[in-house]
Chemist: 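This structure is in structure tokens; I'll ask about it shortly.
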There are 2 protein chains.
Amino acid sequence: MKKETFSISEFAKSTGVSVRTLHYYDEKNILKPKRDENTGHRIYEKEDMIQLHKIMTMKFLGMSLDNIKDYMQPDTFDLSFIDTLRLQESKLIKDREQIDIALEAIQRTVHLLENEKEVDQAVLISLLASMQHEKKQEELSKGIIKDEVMKKMFPQTAKEKMIVEQGLLTFYKQVREHCGKPADHPEVKQMLDSFYHLILGIFDMDSIEELGEIFSLDLEDKANEERLEAYLKEIERLIPTPITEEEEAWLEQITTDYLSPLWDEEEGED
Amino acid sequence: MKKETFSISEFAKSTGVSVRTLHYYDEKNILKPKRDENTGHRIYEKEDMIQLHKIMTMKFLGMSLDNIKDYMQPDTFDLSFIDTLRLQESKLIKDREQIDIALEAIQRTVHLLENEKEVDQAVLISLLASMQHEKKQEELSKGIIKDEVMKKMFPQTAKEKMIVEQGLLTFYKQVREHCGKPADHPEVKQMLDSFYHLILGIFDMDSIEELGEIFSLDLEDKANEERLEAYLKEIERLIPTPITEEEEAWLEQITTDYLSPLWDEEEGED
DNA sequence: CTTGCGCCTGACGTAACGTGAGGTGGTATG
DNA sequence: CATACCACCTCACGTTACGTCAGGCGCAAG
């Protein structure tokens, strides 16, 4: 018969866990080896190895030590263990989803930063917040915005998203740069041109009108109005605007100037 | 102008974080709002909102608060931020890999448990340990076992794995049940029949001989012998056997009895 | 006799808060 | 006017799964 017992350091080495961890498991009544009555030293045996393997295995499945303790007594796993596993499974799936979302956001952000070298924090945070709450945003929008418009608002592929983000980013950058200049300044015009080019690349005119109607002043129905207000508030809470009040006012000014010829045309049509 | 400032509870409600978290961020110098000099109450402003959004965004990317603090001062993100993101990315990818491995193990285990209702712990732990260290096991085996045999030893699809596991599980169960019975007992014969059927379903005869040779007594080369020994020790450390010494001895006995007719045949051939 | 080794226990540190406990100032009510 | 009730404050311990000292014990070698 071989040597049947291990000192704590031998046991630690042969199982790959630290001495401290073994102390801890002892302290927490998860793995309590025999003791040498004289010295008080821990004496680990083969059975303890098996127990430790159990513990490591359950840990690997992502369970907490408290949870593990409950499954250490009986000699067979039963149906309740399946439930525990199922619970773990759904938890892990959730975790993985979060990681996936974060990973995509990181990759898109790295892409933006690589092209721009230096990006305004507010803009980047706004974009990241938007990525972060993409799913929620889409859900929130479901009751408010028509499905066809929705499809255009939320681009599906990472590429489309990155194009939009790149466009928004340069737009915000230009806003910050040109704020205060008159509407007929060539750079301002160019800025608005490419912005509307971006927008029209996503939506068609019908969708834009649709969106415009949603925000038009008189709403048919009080309930709808409240829903819309709650929706806007929630979006605002989730996603900060990267635009200062000053810039917002300026933007409103120049866009009305920019669009006024179009309005005149439409009035002629009416 | 609207109300510009918030009390801590207002701020908490409108941003969705807890009061305690705001206290904590204040304490850790991550977000320090102004104070009412009389009452000592915290006064949050719009800027603080932006800051908090930054914090939440970085947290969403998986960064620690310590790490976040470093990125809170300057007004632009620069290239070093890309590096941080890349670091985060690789960390998240690693995390996800771990989750994937655990998830597959869980799903395979649930599958086994569903078919068997009650499974011996030792067996299950052994299988789970095997899943847990699948990758390492494969790597360890690379230098020892020929590539062609490797391919057969490590089934690629989840289905194949589950078939093997199911087979092993019933085998171990029968071992436990029949241990001690003579080799010519019909149930024992049937057990060994289905075991070798399982094995032959994975390997062909050449591969089995190959494996047999590896473990044959005289090894050409001392270095190889040591490598093999280290390999076996590491596997043993990682994956506990679900078989007791008694069962092992019994198995050795009955397998030699079972295989003896085959050996006689081969001897005739030689 | 001292040094060193392996073991022991006890206790503090970690991250990001949750959860009280106990105190203060201001307002609404009996 | 006293009291109850808020909302806020600070202090401080609990959480998870250990890592990392610190101080002390018995035993063996130099």
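This structure is a prediction, so every number in the text was calculated from the model and none was measured. Below, chains carry the letters A, B, ... as their sequence lines are ordered, and counting in each starts from 1.
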Chemist: In this structure, how many angstroms lie between the P atom of D/dA17 and the NZ atom of A/K69, rounded?
Modeler: 10 Å

Chemist: Is any side-chain nitrogen or oxygen of A/H23 closer than 4.0 Å to OP1 or OP2 of C/dC8?
Modeler: yes

Chemist: Using heavy atoms to find the nearest nucleotide of DNA chain C for A/R20 and A/I43 separately, return the residue whose nucleotide is more 5′.
Modeler: A/I43

Chemist: From the set C/dA16, D/dA17, C/dC8, return the single nucleotide nearest to any side-chain atom of A/S64.
Modeler: D/dA17

Chemist: Considering just the side-chain nitrogens and oxygens of A/T21, establish if one lies under 4.0 Å of OP1 or OP2 belonging to D/dA17.
Modeler: no

Chemist: Provide, to the nearest angstrom, the distance between the CG atom belonging to B/N67 and the C1' atom belonging to C/dA15.
Modeler: 13 Å

Chemist: Can you tell which of D/dA17, D/dC8, C/dT9 lies closest to the side chain of B/I8?
Modeler: D/dC8

Chemist: Whole angstrom is fine here: how far is it from CD in A/E27 over to C1' in C/dC8?
Modeler: 13 Å

Chemist: Can you measure A/Y25 atom OH to D/dT16 atom C1' for me and round it to whole angstrom units?
Modeler: 11 Å

Chemist: When you check the gap from the basic side-chain N to the acidic O, do A/E234 and A/R237 get nearer than 4.0 Å?
Modeler: yes

Chemist: Nearest whole Å is fine: how far is C/dT27 P from B/H41 NE2?
Modeler: 12 Å

Chemist: Backbone N or O of A/R96 within a donor-acceptor pair of the B/R96 side chain at under 3.5 Å?
Modeler: no

Chemist: Using a cut-off of strictly less than 4.0 Å, decide whether B/Y24 has a side-chain nitrogen or oxygen near OP1 or OP2 of C/dG18.
Modeler: no

Chemist: Rounded to whole Å, please give me the gap between CZ in A/F6 and C1' in C/dG6.
Modeler: 17 Å

Chemist: Just to be sure I understand the rule, does A/S9 reach a base, reach only the sugar-phosphate, or reach nothing, if contact means heavy atoms closer than 4.0 Å?
Modeler: sugar-phosphate

Chemist: Short question: side chain of B/S141, backbone of B/Q137 - any donor-acceptor pair under 3.5 Å?
Modeler: yes

Chemist: What is the distance from CD1 of B/I55 to P of C/dA16, rounded to the nearest Å?
Modeler: 12 Å

Chemist: Distance check: side-chain N/O of B/R42 vs OP1/OP2 of D/dC9, anything under 4.0 Å?
Modeler: yes

Chemist: Hey, does the side chain of B/S126 reach the backbone of B/A122 with a donor-acceptor pair shorter than 3.5 angstrom?
Modeler: no

Chemist: Does A/S18 put a side-chain nitrogen or oxygen below 4.0 Å from OP1 or OP2 of D/dC18?
Modeler: no

Chemist: Please determine whether a side-chain nitrogen of the Lys or Arg among A/E229 and A/K233 lies less than 4.0 Å from a carboxylate oxygen of the Asp or Glu.
Modeler: no

Chemist: Nearest-Å distance, CG (B/D36) to C1' (C/dG26)?
Modeler: 12 Å

Chemist: Side-chain N or O of B/K59 less than 4.0 angstrom from OP1 or OP2 on C/dC17?
Modeler: yes

Chemist: DNA chain C: B/D66 or B/V19, which has the more 5' nearest nucleotide?
Modeler: B/D66

